[in-house]
Every structure is written in C-alpha cells, then in structure tokens.
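To start, the structure itself, in structure tokens.
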Amino acid sequence: MDPILQIQNLTKKYPGVLALDNVSFDIERGSVHCLLGENGAGKSTLIKILTGAQVRTDGMILMNRKPIDAHTTKEARELGISTLFQELNIVDQLTVEENLSLGMEPMKFGFFTKNTELERMVGALKHMEPSIDPKQLVSKLSVAKKQMVEIVKAVETKAEVIIMDEPTAALSEGETKRLFEIIDQLKQNSVTVIYISHRLEEVFDIGDSVTVLRDGCHIATKKISEVESKAELIRMILGKTVVETYTPRAVDRTTPFIEARNISNDKLNDVSFDIYKGEIAGFYGLVGAGKTELANVLFGLDAYKGNLRINGAEARYASASEAVENGITLAPEERRSQGLFTMLSIRKNIVSMNMKKISKNGIINASAIKRVSGEYVERLNVATDTDEKEVGFLSGGNQQKVVFAKCLNSEADIFLLDEPTRGVDVGAKEEIHNIIKQLADEGRTCLVFSSELPEVLSCCDRIFLMHEGELMTIIDNALDIDGDEIIHIVAGGDA
Amino acid sequence: MNKLNINLKEVSWRSAVKNVYVFGILAIFIIVFTAISPRFIGGPSLAYIIQNAAPLLVVALPATLLMISGNIDLSVGSIVACAGVIMAMLSREGMAAWLAVLIVAVIGMGVGWINGLLVSGLKINSVIATLVMNYVLLGVAKMLCGDTIPYVKGVQDDFSFIGRSKIEGWPVAIFFVIAAIAIFVILQKKSALGKYSFAIGGNRDASTLAGLNTGRMVWILYLIVGIAAGIGGCLMASNQGIGNALSGSGFELDVIIAILIGGTSWAGGEGSVVRTIVGVFILTVLTIGLNMAGVPSFYQFIVKGGVLIAAVYLDKIVKEKISA
C-alpha cells in the first residue's frame with residue numbers, strides 16, 4: 001500500500017449544512033479511484049477542497065505523506081493535482097497549440113522563441129488523438145477533443161493526480177472508450193486518477209477502488225475486485241432503498257390533463273406521456289437525462305416538435321410569461337440565481353409573480369402585500385421572525401418555501417418543480433415533500449424533476465424514468481419498488 | 001473527397017468575407033462621397049486624410065489590443081486633450097517640439113499606469129475606472145488652460161511640424177501612422193503580449209490557471225495605450241495649431257467606433273489590429289466627406305452613431321453567417 005493522497009478527518013461546514021462529516025480514506029498511487037454518491041453527498045465539496053477552490057473546516061490532507069494546503073487551483077496544480085472540470089478551462093479563441101503551451105512559452109524580449117516542449121506535447125497529443133490538427137482553433141473541436149487537449153496539458157505538466165469530474169457526461173460511446181484507453185495509459189505512467197461519475201458500469205470498467213459518500217459521510221472504500229455487484233454499490237450509494245413515507249393517493253385517471261406526444265428537440269427524443277389532474281409525476285434520471293429540458297419545453301422556454309395539450313388546448317407557448325398566464329409555474333433548479341430575488345425581502349418575493357393581486361390601477365397597495373405575504377408565510381411555515389427579512393439570509397429549505405409561495409400566489413394549477421430539495425437539509429426535505437403532496441391534494445398537478453431517487457420514491461405517484469433525452473418507462477410508485485432496477489434503467493440499461 | 005474540397009473552398013470563402021468586408025464598406029463610402037461631391041477624390045489629398053486619421057489611428061491600435069484582452073479605456077479622450085494642452089504650454093515656454101512630444105508621451109504613460117492601477121491593482125471595473133479618469137483629466141486639461149479660455153496659444157513655429165507639415169510632399173504624420181501600424185501589427189501577431197491578450201480576453205480563468213499574470217498583462221496594455229494617447233494628443237494639437245482642452249471630447253467614442261467597425265469583439269478574445277486600421281479610415285473618410293458635403297457638425301454625431309449601430313449589427317450578421 002503506497003498512498004499518494006491520505007484524507008484524514010476532513011470536515012466542511014456550510015451555514016446550516018454539514019457537507020463533509022469527518023471523512024477519512026486513502027488513495028493509492030497509480031490507481032483509478034472512483035468517487036460515488038448522490039447529488040449532495042459531498043463529492044464536489046471534497047473535490048473543491050482538494051483543488052483549493054474551497055477551504056476545509058477541519059481535518060488534514062496528506063500528499064506523499066506530507067500535509068498539503070492548497071488555497072487556489074494554481075497552487076494545487078503546482079503540487080501536482082490537476083483537475084478536469086466539467087466546465088472546461090480552455091481558451092476557445094486560441095489554437096490547440098497555443099492552448100497547450102499557454103503560460104509556458106519560452107521567450108526573449110517579450111517575443112516567443114522556439115518551443116521544444118511544445119513539440120513534445122503536440123507529439124503526445126498526436127499519439128493520443130491523431131485527428132486533432134494542432135493549428136486549428138479550439139472552438140471548432142468537440143467537447144471530447146477539448147478534453148483530450150486538457151488531459152495532454154495536465155499530464156505533460158507533470159501532474160501526479162488528475163481529478164476527472166464526470167468526464168464522460170458529454171461524450172459519445174466511442175469517445176468514452178478512447179478516454180478509458182487514455183486513463184489506462186496514465187495508470188501505466190503511475191499517474192493517479194480520481195474519477196467521478198454517475199455511471200456505475202464505468203466504475204467497473206476502469207476503477208481500481210471506489211469510495212462512496214452519502215450525506216457528507218464516508219460510507220466505504222473498497223477495491224473494485226471486492227465489490228460483488230452493481231447492486232451492492234447502489235445500496236451503498238442510496239442507503240436504505242425502502243421508502244416508508246409514500247402513501248398511495250387516489251388520482252382520477254379518466255381524462256388526461258397534460259398530454260405530451262412525440263416531444264422532440266435537440267435535447268429530447270420523442271417523449272410522450274399523459275399526466276392527470278392532481279397527480280404528482282416524478283421525472284427521474286441522471287444529470288443530462290433531459291429533465292430540465294422537458295421542464296423548459298412545458299414552460300415555453302424552449303422550442304419543440306410534437307404536440308403538447310394542456311386541459312385539451314394546445315400549449316405551445318412563445319414565452320414563460322405566456323405559460324404563467326396559462327396557469328403554469330416553474331420552481332427552477334438554480335434557486336438562488338433563477339428562483340428568487342435574494343436581495344429583496346420575503347414579502348416582496350412572494351408577491352412578485354402576481355402584481356394584479358396587490359395593486360390597483362398600477363399603484364401597489366402596501367397593506368395588500370403584507371396580507372398576501374403573511375398568509376403564505378403562515379401556510380407554508382416559513383421559519384422567520386419577520387417577512388421583511390432578505391431572502392438571501394434564509395436557509396435552503398426556507399428559501400424553497402418562499403419559491404413555492406411565490407408560485408402559489410401566481411394562482412397556477414401546474415407546478416413544475418426542478419430539483420425541489422437540492423441543497424435543503426434532511427428535515428426540511430420532508431416538509432417540502434409534504435407541501436408538494438398538499439398542493440396535489442388541493443387539485444394542482446405537480447411535476448417533480450429530480451436526480452434523487454429517494455425524493456421521487458417518497459412523494460410521487462408515478463415515476464417517469466429518463467435517460468439521455470428519452471422517456472424509458474413509467475412506473476407506478478409502490479412501497480416494494482426495486483431501487484436497483486430503476487437505477488439500471490436510468491443508467492441506460494434495458495427497461 | 002470531392003465533397004471535402006467543396007467544404008474547404010466554402011470555409012476559405014467565408015473567412016475571406018469576414019476579413020475583407022470592412023474594406024468593402026470603406027470603398028462604398030469613398031464612392032458615395034465622390035458621387036455627392038466630385039471634389040472628394042481629387043480635393044482632399046491622401047495626405048489630408050492621413051493627417052486627420054493619424055491621432056485616431058495611433059490611439060485605436062493599442063486600444064484594440066486592450067479590448068481584445070477584455071478591457072476598455074474610456075479616458076483616452078481626456079488624455080489626448082491634456083497631451084495637446086501640455087505640449088502647447090511647453091512649446092509656449094520655448095521648448096523644441098520633439099522634446100515636448102517625448103515628455104508628453106512619458107506623462108501619458110503615467111496616466112496609463114494609474115489606469116492599470118485602478119483596473120488591475122484595485123480591481124475596479126475598467127468601464128467605471130476609465131470613465132472616472134476621463135472626467136478627472138478633462139478637469140486637469142481645463143485647469144491647465146486657466147480660467148478664461150479653454151485653449152493654449154502662442155506656440156513656437158515647429159509646433160505644427162508633426163501634424164501639418166510635409167517633407168518632399170509626404171505628410172510628417174504618415175511616419176507616425178506607419179510606425180504605429182508596424183509596431184502594433186507585430187505586437188498583435190508576434191509578441192507574447194499580443195497572444196496573451198487573446199487568451200486573457202477569451203477565458204480569463206483558464207489563462208490564470210495556465211499561470212499567466214493576467215493583471216500585469218492588462219496593466220502593461222494600459223501603459224501602452226497611455227503612451228499612444230499622449231502622442232496622439234500631440235499629433236492632434238499640432239494639426240490644429242493650438243492646445244485645446246475640448247479637442248478630446250468624443251474622441252474616446254471615435255476610438256471605440258473604429259475598433260468595433262473593425263469587428264473586434266466588445267467582450268474580448270477576438271479582434272484584429274489590421275481591421276481597426278480600416279475602421280479608422282472609414283470613420284475619417286466619413287467625417288471629411290460629411291464636412292465636404294456641407295453637413296453641419298451636429299448632424300455628423302447622429303450619422304456617426306447610425307454608422308456604429310449599422311457596423312456592429314453587420315458584424316454580428318456576418319459572424320453568425322460564418323459560424324452557421
């Protein structure tokens with residue numbers, strides 16, 4: 001055992017959330033170490049601390065048995081830790097060659113001199129991917145090829161550890177295979193790879209060992225050869241798969257309320273379904289499955305081919321404001337940046353979607369605002385001493401309640417809820433789920449778009465499984481549902 | 001194979017359009033003004049156009065590099081005004097013009113250093129920092145002129161040499177134009193600073209991660225723009241024969257218009273010094289042409305504004321068509 005990185009009692013606290021709780025494990029030199037966990041399990045926090053993008057609250061990181069403490073990505077890189085972020089760090093406007101040598105060009109009097117290193121790097125790139133012309137602009141390359149340019153740069157700058165954050169998310173099958181060959185080469189050169197992915201097969205394909213995180217805690221670190229099956233991994237990732245909170249609800253399934261037929265655009269492929277009034281429909285899939293894109297189509301944000309009827313009338317909205325007028329509302333995935341006016345008070349946020357209710361002849365009535373807002377704060381149990389508090393100061397759960405109040409106040413009867421409990425702590429999650437059930441009981445139709453399986457299992461009547469823009473299958477929720485089977489389907493297996 | 005050939009042709013045709021369409025606009029302007037006023041082609045000699053274009057050109061070329069890096073300098077108008085006033089004052093005291101230009105260039109560099117301090121050192125948004133500097137320096141220029149009149153007269157004979165004189169039929173200003181073009185085309189295409197400007201403007205985070213000292217690069221670009229604005233101010237004052245504190249008003253906009261007509265991206269990362277040269281001449285020909293056609297100066301502002309909007313819109317269309 002020769003660990004290159006030793007993570008010891010690592011803890012990270014955000015206000016209100018414990019993102020990493022006393023996590024310890026070792027990463028062996030020259031291995032491919034996979035990091036698994038659901039959204040919010042603490043993977044990205046761990047990566048951010050390793051790369052210097054975040055500062056830890058407590059604990060230690062040893063590299064080559066010496067404590068390290070990187071405060072910027074650049075410092076981490078100088079220590080030998082390179083990261084392939086999902087958001088690529090490459091200059092589109094420069095050529096491949098210029099990107100490879102950027103920042104390392106030898107020069108004299110401010111002019112570049114002959115770069116012998118560059119020839120070596122271009123050679124390495126040619127070896128890895130002969131089809132990339134070093135003189136071409138990076139903006140013309142596919143994501144996979146941009147990634148390869150970054151990998152070459154990372155490797156050739158003597159990185160000992162390369163962190164890959166969902167590198168295959170945007171890659172085709174062939175490109176993924178190519179990437180795995182490259183990872184193999186890296187291993188042979190005793191470079192360590194920390195590999196993050198939602199695709200479990202990949203872990204078995206290339207991983208040497210695996211660490212699973214759940215709710216900020218370290219669940220296990222195992223050699224892949226000691227992992228019995230995919231099901232075992234899934235059990236570790238999800239913890240308890242049996243969900244006790246779901247109680248079947250009576251939904252009248254005679255006339256469909258939302259009818260989608262052959263919805264397609266560049267992110268969606270031939271999606272058809274019916275949803276009934278008062279139903280909670282859970283759309284579950286991994287990142288990139290097309291959930292947000294489907295919500296955008298329903299909300300009039302994205303164009304589509306196919307047919308969409310709501311309550312019998314064609315619903316092809318040219319804009320979100322048209323969708324709102326037709327009784328649809330969206331609680332977006334990015335709550336702080338898209339769902340709320342964080343610098344305004346709770347009160348002002350709640351009334352923001354329905355000015356008619358609080359104004360007369362274009363003049364806003366302050367006491368009406370107070371009345372409307374007070375009503376919702378009480379009804380949704382927003383924990384605050386005053387509704388004049390800035391929304392930015394609230395916890396995630398309370399912020400989401402304000403978003404719900406805002407949507408409710410728009411008098412919508414269709415609620416599109418994109419990742420409704422992301423960044424919300426466990427107790428508040430249940431409260432949010434209860435609010436969703438309450439909305440549905442009152443006859444509103446809720447579409448929950450989630451990448452958390454326990455979420456759809458605990459509050460949705462039917463679960464719509466999505467994979468790469470396609471609706472794979474629809475299943476009725478029940479207590480004895482097989483979580484492993486669901487994961488198998490959304491990971492691209494046969495339905 | 002056949003298909004590939006066609007595609008290649010298509011691509012090169014498209015990039016050719018991207019590079020030469022600004023020249024087309026320039027040609028159209030020259031033809032239009034010749035049609036309106038037949039004196040245009042014969043009347044204002046090339047020398048006249050160059051003398052008028054020189055201050056703008058000298059400043060717009062380094063400002064193009066600055067904009068490619070994702071920054072802007074709105075203080076150049078007032079630097080030009082201050083430069084002209086200071087040069088005139090030095091000349092009035094009996095200093096030789098060439099020495100005065102040298103001193104003013106150093107002062108311009110100092111102003112550029114302050115701009116760099118504000119933007120790279122104190123991390124103030126470049127639009128705000130240099131807009132404020134423009135305001136401050138306008139005050140300085142007026143202060144230098146004294147409280148009665150906004151200009152400085154009583155200069156030596158050699159004051160007009162660089163801006164208005166000719167040597168064997170060649171305007172002296174053309175040497176500044178040629179030098180500026182040579183320096184900045186080489187800087188853009190060959191130097192580290194030029195290449196890094198594209199990298200910084202294209203993706204600042206990636207550049208920083210690659211180990212570039214992005215702040216220092218931008219600071220140096222401000223220094224260069226400052227020096228150029230000092231020299232540009234001397235050219236303008238010399239051409240007008242006085243140091244005028246108001247001569248720089250609107251100059252910063254002319255610089256931006258010329259750069260944008262040349263298709264340099266406002267957001268940084270893309271652009272070309274060569275096409276800015278064309279932009280400068282389009283703007284200069286337009287101004288001279290409108291003057292010759294007898295259009296009052298207040299209409300000229302309106303026309304220039306329209307040209308800018310048209311140019312930026314056309315550039316957007318051309319870029320969309322090419323990338324389509």
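The shown structure was predicted, so the numbers you read here are calculated from the model rather than taken from an experiment. Throughout, protein chains are lettered first and strands after them, A, B, ... in sequence-line order, and every chain is numbered starting at 1.
- The two residues B/Leu212 and A/Gly103 come nearest to each other via the heavy atoms CD2-CA, 3.3 Å.
- No more than 12 heavy atoms of other residues, nucleotides or ligands shown are found within 6.0 angstrom of NZ on B/Lys195.
- Across all non-hydrogen atoms, the minimal contact from A/Lys153 to B/Ala210 is NZ-CB, 3.7 Å.
- The part of B/Thr208 that comes within reach of chain A is its backbone (N, CA, C, O), which places non-hydrogen atoms under 4.5 angstrom from that chain.
- Within 6.0 Å of CZ in A/Phe341 there are 12 or fewer heavy atoms belonging to other residues, nucleotides or ligands.
- Counting heavy atoms of neighbouring residues, nucleotides and ligands inside a 6.0 Å radius, atom CZ of A/Arg120 exceeds 12 of them.
- Residue-environment remark: NZ (A/Lys126) exceeds the threshold of 12 foreign heavy atoms within 6.0 Å.
- Residue A/Val91 comes nearest to B/Ala206 through the heavy atom pair CG2-CB, 4.1 Å, listed as atom of the first residue, atom of the second, then distance.
- Two residues are said to be in side-chain contact when any heavy atoms from C-beta on lie closer than 4.5 Å; B/Asp205 and A/Asn89 meet this criterion.
- In terms of heavy-atom proximity, A/Phe111 sits nearest to B/Lys190 at CD2-O, 3.7 Å.
- Other residues, nucleotides and ligands place no more than 12 heavy atoms under 6.0 Å from the NZ atom of A/Lys267.
- Minimum interatomic distance between A/Met107 and B/Tyr196 (heavy atoms only, all atoms of both residues): CE-OH, 3.6 Å.
- Counting only heavy atoms from C-beta outward, the side chains of B/Phe198 and A/Leu94 approach each other to under 4.5 Å.
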